[in-house]
Each structure stands twice: as structure tokens, then as C-alpha cells.
Amino acid sequence: KGGMLVDTLIRRAKKKDPEAFCQLMDLHMQSMYKIAIAYLKNEEDAADAIQDTILTCYEKLQSLKQNRYFKTWMTRILINKCKDILAQHKKVQPMETLPEASSHSVEYSHAEWNATLSFLDEKYRIVLLLYYMEGFSVRDIAEILELKEPTVKSRLQRGRKQLADLYHSQKEETV
């Protein structure tokens with residue numbers, strides 16, 4: 001199954017096989033894109049974060065002890081890159097002047113989901129995204145975000161509640 005392929009690719013990539021590494025990154029591209037966009041809300045920044053992540057993964061792949069944690073490891077790197085980019089923006093410009101995500105944004109069936117998520121606080125947004133769209137367990141999310149599991153659980157609950165409140169307030173507006 002997919003897991004076997006990923007494992008083989010990781011093993012080959014660790015031996016510096018460039019083709020295996022590229023395939024490995026391609027398999028995770030859509031996932032990285034969704035996470036980067038949820039964090040950064042901007043195509044250009046998302047592309048930068050993904051590029052940096054790919055580079056870091058290439059340089060540090062040897063240090064990954066257990067191949068089955070590849071996606072968790074890669075996602076943690078990506079999120080740290082996103083945080084770095086956000087931190088740079090805070091230094092450079094006030095948030096209001098940040099450009100909106102470009103209109104020719106890649107179309108995913110999750111466009112609505114992303115739009116709804118964008119109203120949530122970042123700390124809830126990323127937890128919901130990792131859990132529902134990327135299928136990470138609470139334990140994996142705790143690992144990626146370097147949080148305690150109960151914190152992840154409470155953010156999931158609060159995030160769901162915020163989503164439900166948003167959903168209801170939007171329904172009332174359309175009535």
C-alpha cells in the first residue's frame with residue numbers, strides 16, 4: 001500500500017537518491033500546500049515555506065530515526081518555516097497591509113473549508129486542519145506542534161465550537 005512505497009522512497013532518499021527524494025516530496029506536496037496556505041493565507045509565502053521545507057528535509061533526512069514518522073517530522077519542519085515567515089512579516093509590516101491570497105489560488109474542493117477555517121484563531125485552525133484534513137492523530141499533532149495532548153484536545157473542542165458558532169451565525173445571515 002502507500003505506506004510501503006513511502007518507506008521504500010525514504011530508504012532510497014536517505015541514500016541520496018534524488019529521484020526517490022523528488023517522488024517523496026511530490027507525494028506530500030498537496031498536504032504541505034494545504035497546511036502552508038492555512039497558516040500563511042498567501043501563495044507566495046506558502047511556496048517559500050514549502051521550498052524551505054524541501055531543502056531542510058533533503059539536508060536532514062539522515063537524522064530521521066524512524067521512517068514511519070516521516071510525515072510528522074516533515075510537517076513539523078513546514079510549520080516551523082511558516083512561523084518563521086509570519087515572524088518576519090510582523091517585523092516588516094503591520095498585518096493589515098499583508099496582501100490577500102491571490103485570486104488565481106489553486107482550486108481545491110476544500111476552498112470553502114479553507115474560507116471557513118480562515119475565520120478561526122490560528123491555534124484552532126491549524127489543529128483542525130491537521131486532524132480533519134490531514135488525518136493526524138491527537139498524539140501526532142501534539143508532537144508536530146510541540147504541545148501537550150490535553151492542549152490539542154481542548155483546541156480541537158474549542159475549534160469545533162468556534163466553527164459551529166460561525167456556521168450558525170452565517171445561516172442566520174442568509175435567512
Side-chain angles (χ1 to χ4, degrees), residues 1-14 16-89 98-118 120 122-147 152 155-156 159:
K1 219 186 131 275
M4 290 283 289
L5 171 67
V6 170
D7 192 62
T8 308
L9 289 175
I10 294 169
R11 281 209 303 271
R12 283 174 44 206
K14 277 183 173 176
K16 298 286 180 209
D17 173 338
E19 198 184 315
F21 182 77
C22 290
Q23 270 184 280
L24 187 62
M25 289 296 111
D26 283 347
L27 283 176
H28 293 90
M29 192 56 75
Q30 193 163 358
S31 164
M32 285 195 282
Y33 178 82
K34 283 187 289 198
I35 292 166
I37 280 290
Y39 244 94
L40 302 165
K41 299 192 174 110
N42 158 332
E43 293 280 333
E44 231 167 285
D45 288 343
D48 287 347
I50 290 168
Q51 282 305 117
D52 290 352
T53 301
I54 290 171
L55 206 62
T56 301
C57 285
Y58 190 72
E59 289 164 358
K60 304 238 168 96
L61 192 58
Q62 306 294 333
S63 72
L64 175 68
K65 302 275 184 288
Q66 291 179 289
N67 292 355
R68 67 174 186 274
Y69 294 130
F70 173 78
K71 192 175 178 187
T72 307
W73 175 78
M74 179 201 73
T75 305
R76 182 195 280 175
I77 292 171
L78 176 64
I79 285 173
N80 286 330
K81 301 293 180 193
C82 290
K83 286 178 174 171
D84 292 346
I85 289 172
L86 287 175
Q88 286 163 3
H89 281 322
L98 276 183
E100 282 305 298
S102 63
S103 52
H104 60 270
S105 183
V106 180
E107 276 303 305
Y108 282 108
S109 55
H110 306 298
E112 279 182 298
W113 172 238
N114 279 336
T116 310
L117 280 185
S118 67
L120 297 182
E122 180 196 311
K123 59 184 181 183
Y124 303 136
R125 187 168 70 231
I126 204 67
V127 168
L128 288 171
L129 178 91
L130 291 172
Y131 188 79
Y132 288 110
M133 287 173 72
E134 294 306 313
F136 282 111
S137 67
V138 168
R139 202 172 125 207
D140 289 341
I141 296 169
E143 171 105 355
I144 291 166
L145 299 177
E146 294 167 338
L147 297 168
V152 173
R155 285 187 186 181
L156 267 176

Q: Indicate yes or no: at least one non-hydrogen side-chain atom of D140 is less than 4.5 angstrom from one of E134.
A: no
Q.
If the condition is ring-ring contact (aromatic ring centres under 6.0 Å, His included), which residues does F70 pass it with, not counting sequence neighbours?
A. H28, W73
Q. In Å and rounded to the nearest 0.5 Å, what is the CG to CD distance from L55 to Q51?
A. 8.0 Å
**Q.** Worked check of side chain to side chain contact (heavy atoms under 4.5 Å, CB included) between M32 and K81
**A.** CA-CA 11 Å; M32 285 195 282; K81 301 293 180 193; over 6 Å; no
Q: Side-chain contact test, heavy atoms from C-beta onward, threshold under 4.5 Å: evaluate it for N80 versus T56 and give yes or no.
A: no
Q: Decide yes or no for L24 and M74: does some side-chain heavy atom of the first lie under 4.5 Å from some side-chain heavy atom of the second?
A: no
**Q.** Within-4.5 Å side-chain heavy-atom neighbours: L130 and L145
**A.** yes
Q) Do R155 and I141 pass the side chain to side chain contact (heavy atoms under 4.5 Å, CB included) test, and can you show the C-alpha distance, the side-chain angles, and the key distance before you say yes or no? A) CA-CA 11 Å; R155 285 187 186 181; I141 296 169; over 6 Å; no
Q | Candidate pair K83 and I79, rule side chain to side chain contact (heavy atoms under 4.5 Å, CB included), full reasoning | A | CA-CA 6 Å; K83 286 178 174 171; I79 285 173; 4.0 Å; yes
Q.
Nearest 0.5 angstrom please: L129 CG to I37 CD1, how far?
A. 11.0 Å
Q.
Just verifying a value: how many Å separate Y69 OH and I144 CD1, rounded to the nearest 0.5 Å?
A. 12.0 Å
Q. What distance separates Q23 CD from I10 CD1, expressed to the nearest 0.5 Å?
A. 12.5 Å
Q) Above 12 or not: heavy atoms from other molecules or residues under 6.0 Å from CD of E19? A) no
Q) How far apart are the closest heavy atoms of I77 and C57, and which atoms are they? A) CD1-SG, 4.1 Å
Q) For L40 and C82, which heavy atoms make the closest approach, and how far apart are they? A) CD2-O, 3.5 Å
(Q) Just verifying a value: how many Å separate Y131 OH and I126 CD1, rounded to the nearest 0.5 Å? (A) 16.0 Å
Q) In Å, rounded to the nearest 0.5 Å, how long is the span from CG of L61 to CZ of R11? A) 12.5 Å
Q) Residues two or more places apart in sequence or in another chain: which of them pass side-chain hydrogen bond (donor to acceptor under 3.5 Å, both in side chains) with K14? A) N67
**Q.** Other residues, nucleotides, ligands: >12 heavy atoms within 6.0 Å of K16 NZ
**A.** yes
(Q) Checking K71 against F136 for the side chain to side chain contact (heavy atoms under 4.5 Å, CB included) test, could you report, in this order, the C-alpha distance in whole Å, the side-chain angles of both residues, the deciding distance, and whether it holds? (A) CA-CA 9 Å; K71 192 175 178 187; F136 282 111; 3.6 Å; yes
